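Any value given below was found using the heavy atoms of this structure, including those in side chains, with hydrogens, waters and symmetry copies removed. Please read all numbers here as calculations on a predicted model, not as lab measurements.
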Amino acid sequence: MPTFRKVKTTVVKRPKEAGSSWPAIAIGAFVAFGGVLFGYDTGTISGILAMDYWRNLFSTGYRDSKGHLDVSPAQSSAIVSILSAGTFFGALASPLLGDHMGRRWGLIVSCWIFNFGVILQTAATGLNLFLAGRFFAGFGVGLISALIPLYQSETAPKWIRGAIVGAYQFAITIGLLLAAALDNATHERQDTGSYRIPIAIQFAWSVILIVGMLLLPETPRFLIKKSKTAAAAVSLGRLRRLPHDHPAVLEELDEIQANHKFEMSLGTASYLDCFRGAMRKRQLTGMGLQALQQLTGINFIFYYGTQYFLNSGIRNAFVITMITSSINVVSTIPGLYACDKWGRRPLLLWGAVGMCASQFIVAVLGTTTTGQDGGGNILVFNLPAQKASIAFVCLYIFFFASTWGPLAWVVTGEIFPLKHRARGLSLTTATNWLLNWAIAYATPYLVNWGPGYANLQSNIFFIWFAACFVCIAFVYFMIYETKGLSLEEVDELYNEVGKAWRSPGWRPKLTFDERTSVARSHGARGGISPDLKSQEEKASERENGSNVSA
């Protein structure tokens with residue numbers, strides 16, 4: 001009878017990390033509060049455009065299809081889209097603050113620019129001043145929207161980085177809900193308080209963020225970038241709840257510094273460098289992801305949702321907007337948990353499938369159960385079917401809020417190396433705002449009735465359906481799985497794995513000492529250095545021969 005020798009398998013467990021992750025988690029969660037400014041400012045305009053007092057006060061003589069004073073579709077387009085124009089330029093300008101003043105002080109200055117825009121909007125009783133306020137508020141929001149994910153990704157522990165950066169989107173959804181609630185509370189007032197109250201309350205959100213940022217540390221990676229090693233050690237110690245001279249702090253700091261030296265040995269980075277060599281794939285991935293996030297149609301719901309629901313025969317459109325905003329908030333929570341549990345790729349992929357199906361059903365129901373009379377007024381032939389379409393809009397919001405909403409910010413916040421991070425993020429965020437502006441500007445011309453307008457009405461959901469279909473292919477071919485990797489390990493992933501669909505299950509082969517050795521060698525220009533390749537080969541040999549012992 002044959003005998004078998006028992007083989008003992010040695011499992012190497014990762015040692016428990018020193019210190020505590022809670023300070024960094026709490027700091028990242030607080031900084032995410034800046035998303036409230038973004039979401040609130042975005043959401044409040046939908047209700048303001050539908051307020052009777054505001055429409056009468058700001059009208060220049062235009063009357064809608066029912067004969068009521070209103071702003072024209074062109075003016076409505078300008079009011080909504082000029083904020084996105086401001087955010088586009090703000091996002092592009094963010095490296096001027098983030099790379100020179102710092103992530104922390106850059107956010108503080110951005111809040112004051114935002115406050116200036118709020119002052120102008122609150123004081124306005126005519127379109128010109130209101131438009132100027134929207135632009136400056138948008139410029140501040142653009143700066144904030146690029147700097148917050150940058151700050152979060154550079155301070156968060158890697159095992160929960162996705163949830164922390166995703167919390168920024170959660171704060172955006174809270175801002176949208178607060179805007180809907182305030183608009184609903186004031187829209188029946190027949191004085192300037194109807195719009196001034198919901199606009200002026202934004203000062204409170206800004207002051208909270210400013211006070212908090214005055215107390216929080218600068219990111220260790222920025223301080224290393226500025227050769228302030230001692231300050232970086234103190235900052236990292238605060239984030240890990242350890243003394244600044246603790247071995248774990250010094251080791252992590254050494255890795256950040258070594259990686260930075262290696263990157264800088266390849267030369268300084270410009271905006272053009274973001275599209276050269278190996279960086280091109282990452283830059284196009286980030287920009288494509290942010291562009292498609294907007295093309296899914298989410299901001300059509302939150303910019304023009306109140307008016308759309310009114311046109312669709314829904315009497316309590318302000319209440320429906322509050323419901324959709326509440327679903328947006330609640331649905332973001334499972335996404336924050338799942339992005340670090342299941343990964344980026346599966347969530348983005350199945351989220352795109354769910355959005356695609358929901359938008360198609362909304363388009364079909366809307367086009368088959370409504371019509372128009374000769375004056376452009378909406379006729380609803382089947383009210384239950386219209387209510388069913390609202391239910392599928394809510395289902396679409398669930399899929400978006402739990403996947404593409406937070407994960408677009410998570411992925412773009414972690415795919416860029418330190419040297420390119422501020423500029424790469426500014427370009428991806430600017431892409432988000434450029435598409436945001438285009439959709440906000442074009443939607444009235446696409447949806448409204450009358451000469452010069454496409455009068456698509458519910459047909460516009462076929463456009464969002466097509467974009468969601470493209471999202472499915474984009475995720476499969478372009479999105480790398482970065483769950484559980486440090487920002488430095490993400491670099492190794494992109495250097496080693498050529499196809500996005502091969503990235504799930506990948507694990508770093510280089511040890512800290514090997515990565516430090518490669519960095520100190522200064523590498524070679526344009527791709528992986530010979531030293532890096534040899535270190536990878538050594539790591540592979542060790543991996544193949546060290547896991548099983550008799």
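With contacts defined as side-chain heavy-atom distances shorter than 4.5 Å, the pair P217/I27 qualifies. Side-chain contact between T412 and P149 is absent, with no heavy atoms from C-beta onward closer than 4.5 Å. At a threshold of 4.5 Å between non-hydrogen side-chain atoms, the residues L107 and V31 count as touching. Looking only at side-chain heavy atoms (C-beta outward), I397 and S331 stay at 4.5 Å or farther from each other. Between F170 and V329, some side-chain heavy-atom pair lies under the 4.5 Å cut-off. When side chains are defined from C-beta on, I298 does not count as touching Q293, because their heavy atoms never get closer than 4.5 Å. Looking only at side-chain heavy atoms (C-beta outward), S110 and L147 come within less than 4.5 Å of each other. Counting heavy atoms from C-beta outward, L289 and T428 have side chains that stay 4.5 Å or more apart.
Below 30°, between 30° and 60°, or above 60°: for F300 and W464 the angle between ring planes is between 30° and 60°, a tilted geometry. In this pair, Y168 and F38 present their aromatic rings tilted. The plane angle is within the 30 to 60° band. The aromatic rings of Y445 and Y441 lie tilted to each other, with the angle between the two planes from 30° to 60°. Ring-plane geometry between F89 and F135 is classed as tilted, the angle between the planes lying from 30 to 60 degrees on a 0 to 90 degree scale.
In the displayed structure, K226 atom NZ is contacted under 6.0 Å by more than 12 heavy atoms of other residues, nucleotides or ligands. Heavy-atom neighbours of F474 CZ from other residues, nucleotides or ligands within 6.0 Å: above the threshold of 12. Other residues, nucleotides and ligands place more than 12 heavy atoms under 6.0 Å from the CZ atom of F462. A 6.0 Å sphere centred on NZ of K281 holds more than 12 heavy atoms belonging to other residues, nucleotides or ligands. Within 6.0 Å of the CZ atom in F275, the count of heavy atoms belonging to other residues, nucleotides or ligands exceeds 12. Under a cut-off of 6.0 angstrom, the local environment of CH2 in W22 is sparse, with at most 12 non-hydrogen atoms contributed by other residues, nucleotides or ligands.
T44 contributes no side-chain N or O that, together with a main-chain N or O of D41, makes up a donor-acceptor pair within less than 3.5 Å. With N436 contributing its side chain and N432 its backbone, the two residues share no donor-acceptor pair below 3.5 Å. In terms of modelled atom types and a separation under 3.5 Å, the side chain of W404 and the main chain of L348 share a donor-acceptor contact. Using modelled atom types, no side-chain atom of S402 and backbone atom of G335 make a donor-acceptor pair closer than 3.5 Å. A side-chain donor-acceptor contact under 3.5 Å links R421 to the backbone of F416. Listed for the T443 side chain is a donor-acceptor partner under 3.5 Å among the backbone atoms of I439. A donor-acceptor contact shorter than 3.5 Å links the side chain of Q283 to the backbone of G424. Of the possible donor and acceptor atoms, none in the side chain of S358 sits under 3.5 Å from a partner among the backbone N and O of M355. R345 places no side-chain N or O within 3.5 Å of a backbone atom of E481 that could act as its donor or acceptor partner. Within the 3.5 Å criterion, the main-chain N or O of T431 finds no donor-acceptor partner in the side chain of Q290.
For the pairing with F465, the ring-ring contact (aromatic ring centres under 6.0 Å, His included) check across F360, F392, Y396 returns one residue only, F360. Screening R221, R104, R103, K225 for a salt bridge (charged side-chain N to carboxylate O under 4.0 Å, His left out) involving E154 leaves a single residue, R103. Of the candidates Q152, R344, K483, E414 forms a side-chain hydrogen bond (donor to acceptor under 3.5 Å, both in side chains) with just one, namely R344. Each of E492, E496, E489 was scored for a side-chain hydrogen bond (donor to acceptor under 3.5 Å, both in side chains) with W506, with one residue passing: E496.
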Trace of the side chain to side chain contact (heavy atoms under 4.5 Å, CB included) decision for V234 with L223 = CA-CA 10 Å; V234 173; L223 294 171; over 6 Å; no
Apply side chain to side chain contact (heavy atoms under 4.5 Å, CB included) to the pair D273 and S270, showing each step before the final yes or no.
-> CA-CA 5 Å; D273 291 327; S270 65; 3.2 Å; yes
Trace of the salt bridge (charged side-chain N to carboxylate O under 4.0 Å, His left out) decision for R240 with E252 = CA-CA 10 Å; R240 302 292 179 260; E252 186 174 351; 2.9 Å; yes
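No side-chain donor from either of N328 and S325 sits under 3.5 Å from a side-chain acceptor of the other. Donor-acceptor pairing under 3.5 Å is recorded for the side chains of S426 and Y271.
L92 CG to T429 OG1: the interatomic distance, rounded to the nearest 0.5 Å, is 9.5 Å.
Contact between L336 and A167 at its shortest, heavy atoms only, is CD2-N, 3.5 Å.
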